[in-house]
Every structure is written in structure tokens, then in C-alpha cells.
Amino acid sequence: MAKQALFFNIDIVRDLDAGLPAVMADKSQFQQVFMNIFVNAVQAMDERGTITIASRHNREGRCVEVAISDTGHGIPREQLDHIFDPFFTTKESGQGTGLGLSSHTAS
Ligand SMILES: Nc1ncnc2c1ncn2[C@@H]1O[C@H](COP(=O)(O)OP(=O)(O)O)[C@@H](O)[C@H]1O
Ligand SMILES: [Mg+2]
């Protein structure tokens with residue numbers, strides 16, 4: 001995605017743990033999840049800023065964690081409870097559907 005026009009003014013910082021164990025996951029679903037999150041980040045930064053992608057092995061939790069952050073405007077506290085709701089969007093019509101974050105959460 002980094003080669004696409006949307007990302008031309010975005011710096012991508014990779015802070016990836018090289019020693020991660022193998023993870024059983026659905027590759028195409030994870031591609032969609034990450035794509036949604038990256039587009040959200042770019043939109044929140046008005047297409048200019050830094051996306052940081054960090055991965056680490058949480059040994060106590062026996063899981064791999066991926067943290068993605070951006071230098072955009074953030075999410076107001078009162079909206080945090082709603083971002084995973086289907087159709088919740090703060091974007092103008094044509095910009096967002098509210099189906100990005102909700103589409104991959106377990107019901
Ligand atoms: N990186 C982010 N920075 C700020 N707000 C965000 C970010 N990611 C998501 N949001 C908020 O969560 C809402 C829901 O996101 P999403 O489900 O992807 O729907 P959409 O992108 O279509 O609006 C967005 O409209 C936005 O208000
Ligand atoms: Mg989205």
C-alpha cells in the first residue's frame with residue numbers, strides 16, 4: 001500500500017520484533033484489517049504524517065500484538081465506545097461507511 005498515491009506524504013516507521021513465533025491466521029482477513037486501519041490513519045492525518053507499526057511477543061498472554069499508531073487528530077474519548085459499531089462514522093458521505101472497524105470484530 002505504501003506505493004499508492006494516498007501514502008505519498010506518509011512516513012512509515014516499522015518497529016517489528018524479528019523474533020516473533022509463527023502465528024496461525026487468515027492472511028486475507030488480516031490484509032483487510034490492516035488495510036482498513038491504514039486508510040483510517042491516513043484520513044485522520046489529512047494524508048500527511050507518520051504511521052508507526054509495532055509488533056511484539058506477549059509471552060504472558062501467549063499472543064502476538066500489533067500496535068498501529070498515527071500522528072493524526074486521535075479519537076475523542078466519547079467516541080471510543082462507538083468506533084466498532086456498524087455504520088458509526090464521523091466522515092462525510094463518500095469518505096466513510098463506518099464498516100471498517102466493525103467488520104472484523106467478533107460478534
Ligand atoms: N486512526 C484514527 N484516527 C482518528 N479517528 C479514527 C481512526 N480510526 C478510526 N477512527 C474513527 O472511527 C470511525 C470508524 O472507523 P471505520 O469503522 O473504519 O469507519 P469509516 O472509516 O468508514 O468512518 C471513523 O469514522 C473515525 O471517526
Ligand atoms: Mg475506515
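Indexing begins at 1, ligand by ligand and atom by atom, following the structure's order. When a residue number appears, it is its place in the shown sequence, counting from 1. Everything quoted here is computed from the prediction, not taken from an experiment.
Residue contacts with ligand 1 for Gln95 are absent, since no atom lies close enough (heavy atoms, distance under 4.0 Å). Contacts between Asn36 and ligand 1 below 4.0 angstrom, taking non-hydrogen atoms only, are absent altogether.
Atom CD of Glu92 sits in a sparse spot, with 12 or fewer heavy atoms from other residues, nucleotides or ligands closer than 6.0 Å.
Taking the six-membered ring for Trp and thresholds of 30 and 60 degrees, Phe38 and Phe34 have nearly parallel ring planes, at less than 30 degrees apart.
Looking from atom 14 (C) of ligand 1 to the surrounding protein, the closest heavy atom is Phe88 O, 3.4 Å. In terms of protein heavy-atom proximity, atom 21 (O) of ligand 1 is nearest to Lys91 NZ, 2.7 Å. What sits closest to atom 16 (P) of ligand 1 on the protein, heavy atoms only, is Leu101 N, 3.7 Å. Of the protein's non-hydrogen atoms, the one nearest atom 9 (C) of ligand 1 is Asn40 ND2, 3.5 Å. Nearest non-hydrogen protein atom to atom 4 (C) of ligand 1 is Gly74 O, 3.3 Å. Of all protein heavy atoms, the one lying nearest to atom 23 (O) of ligand 1 is Thr89 OG1, 2.5 Å. Summary of contacts: the protein heavy atom closest to atom 25 (O) of ligand 1 is Thr90 N, 3.0 Å. Scanning the protein for heavy atoms near atom 1 (N) of ligand 1, the closest one is Asp70 OD2, 2.8 Å.
Cluster annotation: Phe84 and Leu80 are assigned to the same hydrophobic cluster (Ile/Leu/Val/Met/Phe/Trp/Tyr, side-chain heavy-atom contacts under 4.5 Å, transitive). Both Val66 and Ile12 sit in one connected hydrophobic cluster of ILVMFWY residues. Membership requires side-chain heavy atoms under 4.5 Å apart, directly or through other members. Ile68 and Val64 sit in two unconnected hydrophobic clusters of ILVMFWY residues. Membership requires side-chain heavy atoms under 4.5 Å apart, directly or through other members. Ile53 and Phe30 fall within the same hydrophobic cluster, defined by Ile, Leu, Val, Met, Phe, Trp and Tyr side-chain heavy atoms under 4.5 Å apart, directly or through other members.
Interface atoms of ligand 1 facing Ala44, defined by a heavy-atom separation under 4.0 Å, are 2 (C), 3 (N), 4 (C). Residue-ligand proximity, Gly96 to ligand 1, at heavy-atom distances under 4.0 Å covers atoms 22 (O).
When distances to the Mg ion (ligand 2) are checked against a cut-off of 2.8 Å, Asn40 contributes an N, O or S atom below that limit.
Residue contact check for ligand 1: Gly98 places a non-hydrogen atom closer than 4.0 Å to it. Ligand 1 lies within reach of Thr97, whose nearest heavy atom is under 4.0 Å from it.
Between Thr71, Ile83, Ile75, it is Ile83 that holds the heavy atom closest to atom 12 (O) of ligand 1.
For the pair Thr71 (side chain) and Thr50 (backbone), a donor-acceptor distance under 3.5 Å is present. Distance alone, capped at 3.5 Å, is enough to place a donor-acceptor pair between the Ser55 side chain and the Asp17 backbone.
Atom CZ of residue Arg14 and atom OG1 of residue Thr52 lie 11.0 Å apart, to the nearest 0.5 angstrom.
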Does the side chain to side chain contact (heavy atoms under 4.5 Å, CB included) test come out yes or no for Met35 and Gln31, once each step is laid out?
CA-CA 6 Å; Met35 200 176 77; Gln31 282 173 341; over 6 Å; no

